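Nothing here was measured: the structure is a model prediction, and the numbers come from that model. Just the heavy atoms: all of them, side chains too, but no hydrogens, waters or symmetry mates, feed the values below. Each chain gets a letter, A, B and so on, in the order the sequences are listed, and its residues count up from 1.
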Amino acid sequence: MSSAEPTRRDFLYIATASVGAVGAAAAVVPLIAQMNPDASTIAAGAPIEVDLAPITEGQVIKVFWRGKPIFISHRSKKEIDEARAVNVASLPDPESDDKRVKAGHEQWQVLIGICTHLGCIPIAHQGDYNGYFCPCHGSQYDTSGRIRRGPAPNNLPVPPYEFVSNSKIRIG
Amino acid sequence: MSGQSTYQPQNAVLRWIERRLPIGGLIHSSFVAYPTPRNLNYWWTFGGILSIMLVVQLVTGIVLAMHYTPHVDHAFNSVEHIMRDVNYGWLLRYLHANGASMFFLAAYIHMLRGMYYGSYKEPREVLWILGVILLLLMIMTGFMGYVLPWGQMSFWAATVITNLFSAIPVVGEAVVSWLWGGYAVGNPTLNRFYSLHYLLPFVIVGVVVLHVWALHVVGQNNPTGVEPQSDKDTVAFTPYATIKDAFGLMVFMILLAWFVFYVPNYLGHPDNSIPANPAVTPTHIVPEWYYLPFYAILRAIPNKLGGVVALAASIVVLAFLPWLDTSRVRSGRYRPLFRQFFWVFVLVCIGLGWLGSKPAEGGYVIAARVLTAYYFIHFLIILPLLGVFETTKPVPSSISADVLKGKGTMAAILLALGLVTLLGTSSPTVAADADAPPMNKWSFAGPFGKFDRGQLQRGFKVYREVCESCHGIQLLSFRNLSEPGGPGFTPAQVAVVAASYKYKEPNDQGDMVERNGRPADRFPPPALRFPAGTPPDLSVIAKARGYERGFPGFLIDMFTQYQEHGVDYLVALLKGYENPPAGVQVPPGMMYNKYFPGHGISMPPPLSDGRVTYTDGTPATLDQHAKDVAAFLAWAAEPHLEARKRMGMQVMVFLIVLSGLLFFTKKKVWRAVSGHA
């Protein structure tokens, strides 16, 4: 067949092939989608509430949300001042401390405790900046969880959270 | 294998590859240019169908394996997790389970085609034997796969089938213990069956490669049994056979889709929705329908070793078919006497299948023995004698000389009816020691079924106020109550419901503290504990119960999509308390129930008129309570029912449209070769 424009026969072939292709594509969707987080995993990742009352000043506790460790730090005045005294522009990942806490609750720092280098959990109250020290490759974070020295590129991330009362936060 | 290929790729990259690894030429000579007899009928599409079904099983199996846990404490729940939580998990599971049935259906049709047309005869003996090996591998794979959900049938099938090996003299017990990895079927058994169930399909792929290779060396048989003599007898595989296979495949997919979307539990057994209990054997153990004929043969022989030998022999005898059939004429089309015996054989197999589903008592035993004897007589006596004594019709001189008549249609219809009957033998056979419950009208029945939200909410209220103190529903999560396709509570209402349940958990110091339930939690275990026998969990009870449908009900159900056996049973049970008839006594401590098997039930009548107050104005009668809680339990067992039926409609429409397009495309493609002598 060497006609210039598609004939009725070609139209049938094109139609069949297109419908077949649509079916094949639709059949692939569940196979890919089944690997996405399932409903129970998503439900287990619902926001959690943490009571801050038992956390004394200077203490850092660790809770889990969505499988990730969350540092909740009750900062002393000294730690807050140290965080505020830094020249923000000189930081590897410039961010001022007041953007990393909630207004009126500066003593509470909530961070995702995963080093932004390759994923180890840093150790609290260690390192030259009295913040966090990652033992895997030596990254050092300050009292605001910002990267100061070492291979990590970014500050420790702040998860979504809000104060439901003065002594309780909801993370997520 | 490496003949001179006519394949010359135009593309330079393809030429580069072809010179180093001639895979393009291999595919071209095997599946494009390959000369195929031009007179093949649709029975010849089942090889292609089987290949695709193997791919379907492999793909669905591999993705299911990402979510399944092969441990006795977690297997059943992991399957329910797939059904409830995994995205499209219900679809993958139903595809895999019903796909296995369709795989066997296609395999039996493929084998019967071979037996009718003499495709096992010289020079295709090795091809046939490879096919018998494939059947054996399929049987082993299917058996181990069925054990994995760890339901009652899974466990007891594992026990019975592994115990077959104890019939072997001297070493039998050691072999069984070796298979089990213990003193009974247990976790080691489940784990190794999982490993082997994952392995064997790839062995099947390897043997399929050998099977297709053996086929291509000798060429396909055809309905005349006369080998192709010239180019006029054959057509190129692509596009002629390819398009015909594609059409046959799509029609077969419609059948698969029917089961997956509308009657997904029809071919299964309700007892497999009961978690495995090593202490209690189901009253009527049956394998899946595709093993029923062999099961009947096994039970027919009254001797233990004899039964096992007969079972093995019933498959092994197939391998000797090329030598047992002595006829010089290949195709059954020209063997009028053989044809009659062939159809009798098909009926015998279907009869054996039906008998396999019946209890081994009375007349059924005699019938099974007669049919088992006939099965072997067919192979060992009838076929050899037929070849000697039969007067055959003249065989055409060539394929192109043969005038094709539409003989196949009647056979197709009869075979279809027979196979529908065989599929129907999977219908539940709860013994007649209880009355069959009346059928109710359910809003969620049929292809357009939807749950009545109000009914589900009332049913949930009945569950909480009446059932929950004794019956857990631990596979259900609170959040399910607000998900689409269910009772339709709001997330706020669900949070309130969840908070009304208490959970004990260790805190950071290790002390047990109580917390309120959260929407993500599952329902907790029931409050009351029972010393002897826990009341069953209700999560899947609507699927775990059924009743004997009898003839012709069990066949009609496949078409009317009756899947509500369990739900109707629950309603009848809840309403079925009455005084025992004269002369009938129930054991002390039990109550008489018309629909409970054995009639003596430990649960006192839980419902009565006005037992639960309804806030939507529905009359609070016992009948209404029973229906509402049964509907709620139907949803709890199948929370994705509405999504399943909705997708089913889309898939069926798509498949019918595509089948139609493929039918016309096939006709157009074949017009080029029709009418040629």
Side-chain angles (χ1 to χ4, degrees), chain A residues 1 6-56 59-67 69-72 164 168 170-172, chain B residues 56 59-60 62-64 66-67 80-82 84-93 95 239 243 246-247 249-250 253 475 477-480 483 491 494-495 498 507-509 515 518-522 639-640 647 650-651 654-655 657-669 671-672:
Chain A
M1 279 305 318
T7 62
R8 277 231 311 268
R9 167 158 146 188
D10 293 334
F11 173 74
L12 178 61
Y13 293 167
I14 294 169
T16 307
S18 326
V19 173
V22 165
V28 166
V29 167
L31 298 174
I32 309 287
Q34 55 85 21
M35 277 172 69
N36 267 331
D38 62 62
S40 58
T41 303
I42 294 173
I48 58 166
E49 289 192 354
V50 183
D51 184 17
L52 303 176
I55 310 176
T56 58
Q59 192 182 9
V60 180
I61 69 158
K62 210 188 288 183
V63 298
F64 272 87
W65 174 69
R66 293 201 172 161
I70 311 286
F71 294 157
I72 302 176
V164 294
K168 194 176 273 196
R170 179 184 298 131
I171 303 174
Chain B
V56 167
V59 169
T60 53
I62 288 169
V63 298
L64 284 168
M66 295 181 182
H67 305 277
E80 280 300 307
H81 162 71
I82 289 169
R84 291 162 190 275
D85 297 328
V86 172
N87 302 317
Y88 298 104
W90 57 268
L91 174 63
L92 298 166
R93 195 277 176 100
L95 271 171
I243 193 68
F247 173 61
L249 175 69
M250 272 318 121
M253 286 293 142
L475 293 172
S477 303
F478 300 114
R479 59 180 166 84
N480 297 141
E483 283 164 1
V494 164
N507 64 8
D508 289 340
Q509 277 73 46
R515 65 162 177 85
R518 299 188 273 259
D521 289 325
R522 297 222 159 89
H640 296 292
M647 190 187 285
Q650 295 162 352
V651 169
F654 170 83
L655 285 175
V657 165
L658 184 55
S659 298
L661 283 170
L662 281 167
F663 176 73
F664 290 111
T665 307
K666 179 255 170 189
K667 279 238 160 327
K668 272 244 149 70
V669 166
R671 206 153 290 164

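- For B:T665, the parts lying near chain A are the backbone and the side chain together; criterion is any non-hydrogen pair under 4.5 Å.
- Using a 4.5 Å cut-off between heavy atoms, A:A46 makes no contact with chain B at all.
- The pair A:D51-B:R515 does not meet the salt-bridge criterion, since no charged nitrogen lies less than 4.0 angstrom from a carboxylate oxygen.
- Between B:K668 and A:Y13 there is a side-chain heavy-atom pair separated by less than 4.5 Å.
- The backbone N or O of B:R84 sits less than 3.5 Å from a side-chain atom of B:H640, completing a donor-acceptor pair.
- Counting heavy-atom neighbours within 6.0 Å of B:M66 CE, excluding the residue itself, gives a total above 12.
- Heavy-atom pairs under 4.5 Å with chain B were tallied for A:N36, A:I42, A:D38, A:T41; the largest tally goes to A:D38.
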